[in-house]
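Heads up: the structure comes next, in structure tokens.
Model, not experiment: these values are computed from the prediction.
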Amino acid sequence: MMNRKIITTLLSGALLCGASAQTPGVWSLNDCMEYAVANSPKVKKQAYANANSTQDYRAAVASLFPAVGGQVQLASNFGRSIDPETNTYSNTSNLSNTYQVSGNLPLFNAGILINNIKVAKVSRLLGLRKQQQIEDELAMNTMQAYANVVYYSRTVTLAREKLAESQRNLYKTERMEALGLKGKADVAQIAAQVATDDSDLTRQQNLYASALLTLKENMNFPPSGQLQVDTADWITPFLAPAEDVEAIYRAAIETNPVAQQAGYNLQASRLNHKIARGRLFPSLSLNGGISTNYYDILSGGGKEKSYPSFGKQFSNNRGEWVGITLSIPLFDGLSKRVNLNKARNNMRIACEEQIEIFRQLQNEIEQAVQDRDGYAKEAVQMEKQVEANRVAYEVTLKKYEKGLLSALELQTSANNLTQAKANRVRAMLNYRIKSKLVAYYKGIPLIEETTK
């Protein structure tokens, strides 16, 4: 019951951006991740690569259809040439014009064309998963940078509050010195603490500015642009129930882009092995065409002849042909056999890589769940520590005002309280990041879909 009360207290003070309605001009975590993905050159380059994969797929499908080509040839011969009517040589200058249309249709090639289509399809899916991986990695980096901005915005607030408290203590100490209750050493000690706190506030502000610049860099946001991050509370259940890591792992295999890429790489390597094996078998194709030509004497011994007109020759000289070609590979310097062996090895490599990636994924999931639960417990302990240090500071302050403790002891107690608050903020933020990561492994997208 005590833990539940502490958790309830933490719920009211949980830190990080939320998916609730945002103040105009304030960027939520989801807004930042969406902007980072939409403006990332890496994502855009991968999208163009995916477009090329789509074209490769279309080309592979089109290879199943007949290949048709046309040819037009115009030639002028000088000297001895063959007369097309008498089929004898004569000394003439003539003009010949040839027209031809031919086509080729593959009938059998051991499944090479079909497997090429499958490879192109897998490559297209692989590109989509790679783009998703790039987007997810970018979103994770943005989320970490965003959490740092939230953290340092809170440490700036804590530093400002501590400076104000030290200034109040300095004022009290100066009044007590005037009344003879404190000495000049106490005033000097508290004044030094004020200067230290002022310097620390400046340092925290610089860290906040640096964290904000890093966030802009991850988002590809203009460095000089105004970016106001939402540091409002995000009220969600703090301690997640115990979960089955194996169930999360099974879900990740189906949805995680890295795991999917490993599967597609293995699938593509198996298809390439089939293609390499298919090149060892004969191929059969159907081919045919139609051609015609035109011939005329420009000068020479046959000029007195009168050849038919272009239209008549075009019609009379037309010829068609159709045939079947059987291509049998016999010996090519072992290149096909070598390619088959290499394709088999690549398939085995892809299989081992998939096993390795799956093992790494399972380890990452177990680590993420452990980290999330650990940060949740740490945040609970930090809440207890903050409360204990707050009570200790209040007691120390009263004793200091009564002259029972020195200014140094008061400063130590104040520093402990501020540090405990900062540690609580860090634990809460780390918990939210790890919770988001565990949900991602379950198949929940990092970037929530919004309607704008």
Side-chain angles (χ1 to χ4, degrees), residues 48 51-121 123-124 272 275-339:
Y48 292 136
N52 287 337
S53 298
T54 300
Q55 298 304 316
D56 292 338
Y57 175 75
R58 292 176 179 176
V61 173
S63 65
L64 294 176
F65 297 93
V68 180
Q71 180 180 0
V72 178
Q73 181 179 3
L74 177 64
S76 179
N77 295 325
F78 304 91
R80 293 180 62 80
S81 61
I82 297 178
D83 189 319
E85 288 191 352
T86 63
N87 200 31
T88 60
Y89 282 95
S90 60
N91 291 322
T92 60
S93 296
N94 58 66
L95 176 70
S96 62
N97 193 195
T98 304
Y99 301 88
Q100 176 178 304
V101 176
S102 62
N104 181 279
L105 176 64
L107 299 178
F108 173 79
N109 57 5
I112 292 177
L113 294 181
I114 297 298
N115 287 325
N116 280 334
I117 294 175
K118 293 180 179 179
V119 168
K121 184 177 181 180
S123 297
R124 185 174 61 172
N272 287 326
I275 292 173
R277 186 175 57 186
R279 298 190 189 280
L280 299 177
F281 294 90
S283 61
L284 189 67
S285 62
L286 174 67
N287 51 78
I290 182 173
S291 65
T292 186
N293 61 79
Y294 168 75
Y295 183 87
D296 193 12
I297 297 294
L298 298 178
S299 64
K303 183 58 180 173
E304 64 277 0
K305 291 183 179 181
S306 179
Y307 287 91
S309 64
F310 176 83
K312 288 184 179 181
Q313 288 194 47
F314 191 88
S315 176
N316 295 337
N317 296 339
R318 187 181 65 186
E320 299 88 9
W321 75 93
V322 63
I324 294 179
T325 301
L326 177 64
S327 178
I328 303 175
L330 296 178
F331 181 75
D332 59 354
L334 297 179
S335 63
K336 290 185 174 62
R337 178 61 62 178
V338 169
N339 289 335

Taken to the nearest 0.5 Å, the spacing of L280 CG from N339 CG works out to 9.5 Å

Those residues at least two apart in sequence (or on a different chain) that pass side chain to side chain contact (heavy atoms under 4.5 Å, CB included) with P282 are L326, I328

Check: residues 112-119 side-chain donor-acceptor pairs under 3.5 Å, at least two apart:
| from | atom 1 | to | atom 2 | distance (Å) |
| --- | --- | --- | --- | --- |
| N115 | ND2 | G111 | O | 3.0 |
| N116 | ND2 | I112 | O | 3.3 |

Scan the side chains in residues 54-71 for donor-acceptor partners under 3.5 Å anywhere in the protein, sequence neighbours excluded, and list what turns up.
| from | atom 1 | to | atom 2 | distance (Å) |
| --- | --- | --- | --- | --- |
| T54 | OG1 | N50 | O | 3.1 |
| S63 | OG | A60 | O | 2.5 |

According to the salt bridge (charged side-chain N to carboxylate O under 4.0 Å, His left out) rule, which pairs have a member within residues 327-336, sequence neighbours left out? D332-K336

By side-chain hydrogen bond (donor to acceptor under 3.5 Å, both in side chains), N52 pairs with (sequence neighbours left out) none

Drop me the distance from S335's OG to R279's CZ, to the nearest 0.5 angstrom. 10.0 Å

Do any pairs count as a side chain to side chain donor-acceptor pair (under 3.5 Å) and have a residue in residues 97-110, sequence neighbours left out, and if so which ones? N97-Y99

Side-chain donor-acceptor contacts of residues 310-319 below 3.5 Å, not counting sequence neighbours, with atom names and distances?
| from | atom 1 | to | atom 2 | distance (Å) |
| --- | --- | --- | --- | --- |
| Q313 | OE1 | Y295 | N | 2.8 |
| Q313 | NE2 | Y295 | O | 2.9 |
| Q313 | NE2 | P308 | O | 2.9 |
| N316 | ND2 | K312 | O | 3.2 |
| N317 | ND2 | N293 | O | 2.8 |
| N317 | ND2 | N293 | OD1 | 3.3 |
| N317 | ND2 | Q313 | O | 3.3 |
| R318 | NE | E320 | OE2 | 3.1 |

Closest non-hydrogen atom pair between S327 and P329, with its separation: O-CD, 3.7 Å

Distance check, rounded to the nearest 0.5 Å: S309 atom OG versus Y294 atom OH? 8.0 Å

